[in-house]
Amino acid sequence: MDWQSDANAVKATFAPTLEGWYERHRRDLPWRHTRDPYRIWLSEVILQQTRVAQGKPYYERFVESYPTVTDLANADERELLRLWQGLGYYSRARNLHQTARYITDQLGAEFPATFAGLLTLKGIGVYTAAAVASFAFGERVPVVDGNVYRVLARVFGITEDITTTGAKKTFAKLAEQLIQHAEDPATYNQSIMEFGAIQCTPVSPDCLLCPLQQSCNAYQTGRQMRLPVKAKKAPVRDRYFNYLVFRQGDRLAMRERTDRDIWQNLHDFWLIETDEPVDALTDLVLPEEVVGLVSQGRVTGGAVPLTQLLSHQRIRGQFFLIDMPDGLPVALPAGFNWHSADEVNRLPKPVLITTYLNEGLG
DNA sequence: AAGTCGGGGAC
DNA sequence: GTCCCAGACTT
């Protein structure tokens with residue numbers, strides 16, 4: 001059997017296997033006792049980026065307080081938000097209310113009965129539209145949530161980074177193929193998410209008792225823990241840039257940045273970078289090259305703090321202005337030059353420096 | 001494509 | 001501490 005037909009064989013048995021697994025392992029959850037699109041929609045919105053255990057009591061309280069979409073539409077906004085309190089992502093609650101009013105007022109309290117129709121509603125994206133369309137109306141459209149990414153990446157050995165647009169298309173296309181083999185779309189969608197939540201978990205999946213063990217690419221290649229691939233978003237690093245701004249008349253001491261770092265070829269001042277914030281000039285350890293300059297000069301004003309946010313760094317700038325005596329020439333460290341105000345204007349500079357020149361410089 | 005929105009549980 | 005959760009929306 002060649003690779004192509006082998007992969008197709010796995011695809012064909014995937015949905016029935018999960019549907020069988022689901023029958024034996026499904027949890028008894030309140031939203032699984034209804035096909036009311038309102039209650040299913042409510043549960044899906046509550047469960048967006050939220051664990052079942054956390055969302056369940058909220059769902060029960062909402063159903064109790066607002067049994068129908070019209071009840072929700074007529075709800076007091078503040079009372080609704082109070083019920084939502086502690087769930088996070090509060091725009092979900094506001095969109096919920098807005099959409100309930102829209103359905104009640106504009107659609108005669110009837111939910112759109114198709115994936116495409118549901119997708120037009122505020123707060124309903126691709127996942128939730130698929131969930132409601134399949135669970136409430138039986139439409140054969142696949143849900144693709146965090147569980148599905150994980151299960152599919154492992155079983156089919158997909159190594160694409162799931163945070164990219166290309167990967168999302170890959171998974172959506174595969175999910176679309178897989179659901180064609182399902183006996184019941186709603187049950188299949190429930191089963192793959194339940195499977196991801198209970199069996200094919202992010203850490204220490206239960207591969208030894210897994211019905212897909214034989215056909216799972218990740219298990220067969222020992223890569224369960226490596227899949228799915230998900231790019232870590234680079235943490236925002238704090239950097240403290242303490243600038244000594246030497247001024248003589250209208251001239252400023254600047255240099256071109258040439259290090260392998262941000263702002264290459266742009267011009268800035270004498271920089272002392274620290275790992276921690278510094279309040280005063282006296283807290284800075286001055287390098288030998290500038291000790292003499294600082295002692296000759298006069299510190300003007302206090303520290304000027306300015307922050308610039310970059311993609312992966314937060315630059316906390318702190319500017320200390322030091323006026324040098326007029327008349328006699330002042331020698332600068334290597335790489336630095338005196339620049340007149342006009343020259344400074346024309347030099348390419350980081351936004352942080354320009355902001356300081358415009359707003360912070362006395 | 002990247003940023004923003006949250007609280008909580010598992011490790 | 002990190003990661004992730006039945007994602008959607010804005011820029």
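As a basis for the values below, the full set of heavy atoms in this structure was taken, side chains included, without hydrogen atoms, waters or symmetry mates. By convention in this document, chain letters (A, B, ...) are assigned in the order of the sequence lines, proteins followed by strands, and residues within each chain are numbered from 1.
Between the CG atom of A:Leu118 and the P atom of C:dG7 there is a distance of 17 Å, given to the nearest Å. One interatomic measurement links the two molecules: CZ of A:Phe195 to P of C:dC5, which rounds to 15 Å at whole-angstrom precision. Atom CD1 in A:Ile198 sits roughly 16 Å away from atom C1' in B:dA10 (whole-Å rounding).
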Every protein N/O lying under 3.5 Å from an N/O of nucleotides 9-11 of chain C:
from: C:dC9; atom 1: OP1; to: A:Gly123; atom 2: N; distance (Å): 2.3

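Side-chain contact annotation: A:Gln190 with A:Arg32, donor-acceptor N/O pair under 3.5 Å present.
Nucleotides B:dA10 and C:dA6 place their P atoms 12 Å apart, quoted to the nearest Å.
Judged by distance alone with a 3.5 Å cut-off, a donor-acceptor contact links the side chain of A:Tyr89 to the base of B:dG6.
The 5' end of DNA chain B is approached more closely, in terms of each residue's nearest nucleotide, by A:Leu87 than by the other of A:Leu87 and A:Ser204. The residue among A:Val203 and A:Gly88 whose nearest nucleotide of DNA chain B lies closer to the 5′ end is A:Gly88.
Residues A:Pro333 and A:Leu293 are in side-chain contact: their nearest non-hydrogen atoms beyond the backbone lie under 4.5 Å apart. No side-chain heavy atom of A:Trp338 sits under 4.5 Å from any side-chain heavy atom of A:Glu343.
Contacts of A:Val143 with the nucleic acid, taken as non-hydrogen atoms under 4.0 Å apart, are absent.
Heavy-atom distances under 4.0 Å link DNA chain B to A:Gln49, A:Thr50, A:Arg51, A:Gln54 of residues 45-65 of chain A, given in residue order. Within residues 14-43 of chain A, no residue has any heavy atom closer than 4.0 Å to DNA chain B.
In the set C:dC5, C:dA8, B:dC11, the nucleotide with an atom closest to the side chain of A:Arg150 is C:dC5.
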>> Could you go through A:Phe14 and A:Phe156, starting from their C-alpha distance and side-chain angles, then the distance that decides it, and tell me whether this counts as ring pair (Phe, Tyr, Trp, His ring centres under 6.0 Å)?
In response: CA-CA 10 Å; A:Phe14 182 80; A:Phe156 295 93; 5.7 Å; yes
>> Go through it in stages, so that I can follow the logic: the residues are A:Glu77 and A:His97, the test is side-chain hydrogen bond (donor to acceptor under 3.5 Å, both in side chains), and I'd like the CA-CA distance, side-chain angles, deciding distance and then a yes or no.
In response: CA-CA 7 Å; A:Glu77 176 104 356; A:His97 198 196; 2.5 Å; yes
>> Before you tell me yes or no, could you show the steps for A:Lys230 and A:Asp161 under salt bridge (Lys or Arg N to Asp or Glu O under 4.0 Å), namely the whole-Å CA-CA distance, both residues' side-chain angles and the distance that decides it to 0.1 Å?
In response: CA-CA 5 Å; A:Lys230 184 177 185 179; A:Asp161 174 1; over 6 Å; no
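In this pair, A:Phe319 and A:Tyr243 present their aromatic rings parallel. The plane angle is below 30°, not in the 30 to 60° band.
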